[in-house]
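One structure is given here, and the rest of the page talks about it.
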Amino acid sequence: MAEPIVEAVDLNKSFDANHVLRGVSFTLAKGETLVVMGGSGSGKTVLLRLVAGLIRPESGRLRVFGRAIERLTEEELLPLRRRMGYVFQGAALFDSLSVRENVAYPLREHTSLGEAEIEERVVGNLSVVGLSSDVLDLLPSELSGGMRKRVGIARALSVEPEMLLLDEPTAGLDPTNSKLVADLMLDLRGGVCDTAMVVTHDIDLARTVADRVAVLIEGRFAAVGPAERVLSGDDPAVRAFLAGAAR
């Protein structure tokens, strides 16, 4: 059996007196989409940032691409981060840079590609997310919310990642744009990037893209398993969360 892309055992993370994660364990296999759900402040984004090596756990073990990352230096983390694409909540585009420069940014930072190759990859990645070259010279402020999300995904794809980490990819979008983003995430699994970890409170997104769902409540996973089993299960805490998320 292939080694998991991510393997977490008993992760704990606090901020001052706030104990956010309390012994969280999970695996993410190659070719799998794991959706982590939970309410606001439940620690979903904290967990994603731990996997990316942006913050460190107080205790527990965390292996990414087969390597323990809890104590790695920033320099040692860089080769691993180049193998992942991170889509921040709200896309987190650089306001003063055009779409072209936003999507090219990781290529300039992490590769030695020439300008012609960078331009080709930028246009290609925008095409993957359903955007034409007409948007290349636009600023983020000139884009709709759905377009900003798709540009954020195009930027994450620039380094040809083996795993995507997506933080609330449909937050703030209307139902039509939410469905477009969900459908795009399914399309990416066709070969562009087949492994993903997604944090969201969006039940429809989870039903559409998840192989497995994990529900984070009070710092622990109240349920982890195949998407339909968890989303249709009878655990009282999970049912209460899902009922609130559906409103």
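Each residue takes its place number in the sequence, starting with 1.
Tracing side-chain contacts under 4.5 Å through hydrophobic residues (I, L, V, M, F, W, Y), one never reaches Val151 starting from Leu139; they form parts of separate clusters. A chain of hydrophobic side-chain contacts below 4.5 Å, direct or via other Ile, Leu, Val, Met, Phe, Trp or Tyr residues, connects Leu54 to Leu165. Clustering ILVMFWY residues whenever any of their side-chain heavy atoms sit less than 4.5 angstrom apart, transitively, puts Leu28 in the very cluster that holds Val46. No continuous path of hydrophobic side-chain contacts links Val103 to Val159 [ILVMFWY only; heavy atoms under 4.5 Å]. Under the 4.5 Å side-chain contact rule for hydrophobic residues, Leu186 and Ile203 share a cluster.
No side-chain heavy atom of Thr170 sits less than 4.5 Å from a side-chain heavy atom of Asn177. For the pair Arg108/Glu115, a side-chain contact is recorded, criterion being any heavy-atom separation below 4.5 Å from C-beta on. The shortest distance between side-chain heavy atoms of Leu62 and Val6 falls below 4.5 Å. For the pair Phe221/Leu47, a side-chain contact is recorded, criterion being any heavy-atom separation below 4.5 Å from C-beta on. Leu34 has its side chain out of reach of Val198: every pair of non-hydrogen atoms, C-beta onward, lies at least 4.5 Å apart. The shortest distance between side-chain heavy atoms of Leu231 and Arg207 falls below 4.5 Å. Within the 4.5 Å cutoff, the side chain of Val215 has heavy atoms near those of the Val213 side chain.
For Thr27, the side chain to side chain contact (heavy atoms under 4.5 Å, CB included) test picks out Pro4, Glu7, Arg212, with sequence neighbours left out. With sequence neighbours left out, Ala29 forms a side chain to side chain contact (heavy atoms under 4.5 Å, CB included) with Glu32. For Phe26, there are no ring pair (Phe, Tyr, Trp, His ring centres under 6.0 Å) partners at least two apart in sequence or on another chain. With sequence neighbours left out, the side chain to side chain contact (heavy atoms under 4.5 Å, CB included) criterion links Val123 to Glu119, Leu136. Residues satisfying the side-chain hydrogen bond (donor to acceptor under 3.5 Å, both in side chains) test with Thr111, not counting sequence neighbours, are none.
Remark: side-chain polar atoms of Asp16 are not paired, donor with acceptor, to backbone N or O of Asn18 under 3.5 angstrom. Using a distance-only test at 3.5 Å, with no hydrogens or angles considered, no donor-acceptor pair links the side chain of Ser42 to the main chain of Ile217. A donor-acceptor pair is defined here as one N or O able to donate and one able to accept, closer than 3.5 Å; no such pair exists between the side chain of Arg61 and the backbone of Ala68. The main-chain N or O of Pro57 is never found under 3.5 Å from a side-chain atom of Lys13 such that the two would form a donor-acceptor pair. Under a 3.5 Å cut-off, the side chain of Arg56 and the backbone N or O of Leu72 do form a donor-acceptor pair. Between the side chain of Arg148 and the main chain of Leu143, a donor-acceptor pair closer than 3.5 Å is present. Asp211 places a side-chain N or O within donor-acceptor distance of the main-chain N or O of Thr33, the cut-off being under 3.5 Å. No donor-acceptor distance shorter than 3.5 angstrom exists from the side chain of Arg83 to the backbone of Val64, with no hydrogens or angles considered.
Of the residues listed (Ile5, Val51, Leu166), the one engaging Met197 in a side chain to side chain contact (heavy atoms under 4.5 Å, CB included) is Val51, and it is the only one.
For Glu142, the CD atom is densely surrounded, since the number of other residues' heavy atoms within 6.0 Å is greater than 12. The number of heavy atoms from other shown groups lying within 6.0 Å of CZ (Arg239) is above 12. Within a 6.0 Å sphere centred on CD of Glu76, heavy atoms belonging to other residues, nucleotides or ligands number more than 12.
Of the inter-residue distances, the one linking Arg155 atom CZ with Phe88 atom CZ reads 7.0 Å to the nearest 0.5 angstrom. To the nearest 0.5 Å, the span separating CZ on Arg81 from CD1 on Ile69 amounts to 8.5 Å. Here the straight-line distance linking atom OG of Ser132 with atom CG of Leu126 works out to 8.5 Å at 0.5 Å rounding. Rounded to the nearest 0.5 Å, atoms OG (Ser158) and CZ (Arg121) are 7.5 Å apart. Rounded to the nearest 0.5 Å, atoms NZ (Lys149) and CG (Leu184) are 12.5 Å apart. In this structure, the separation between CG on Asp10 and OG on Ser25 is 5.5 Å, given to the nearest 0.5 Å.
In this structure, Ala223 and Val238 approach most closely via the heavy-atom pair CB-CG2, 3.8 Å. Looking at every heavy atom in both residues, Leu80 comes nearest to Phe65 through O-CE1, 3.8 Å. In plain terms, the two heavy atoms of Gly225 and Val230 that are nearest each other are N-CG2, 3.4 Å.
Residues Thr45 and Asp167 have side chains that bring a donor and an acceptor to within less than 3.5 angstrom of each other. Between the side chains of Ser98 and Asp137, not a single donor N or O lies within less than 3.5 Å of an accepting N or O.
Membership of the apolar cluster around Leu97 extends to Phe94, Tyr105, as traced through chained side-chain contacts below 4.5 Å between ILVMFWY residues.
Between Lys30 and Glu3, no side-chain nitrogen of the basic residue sits less than 4.0 Å from a carboxylate oxygen of the acidic one, so the salt-bridge criterion is not met.
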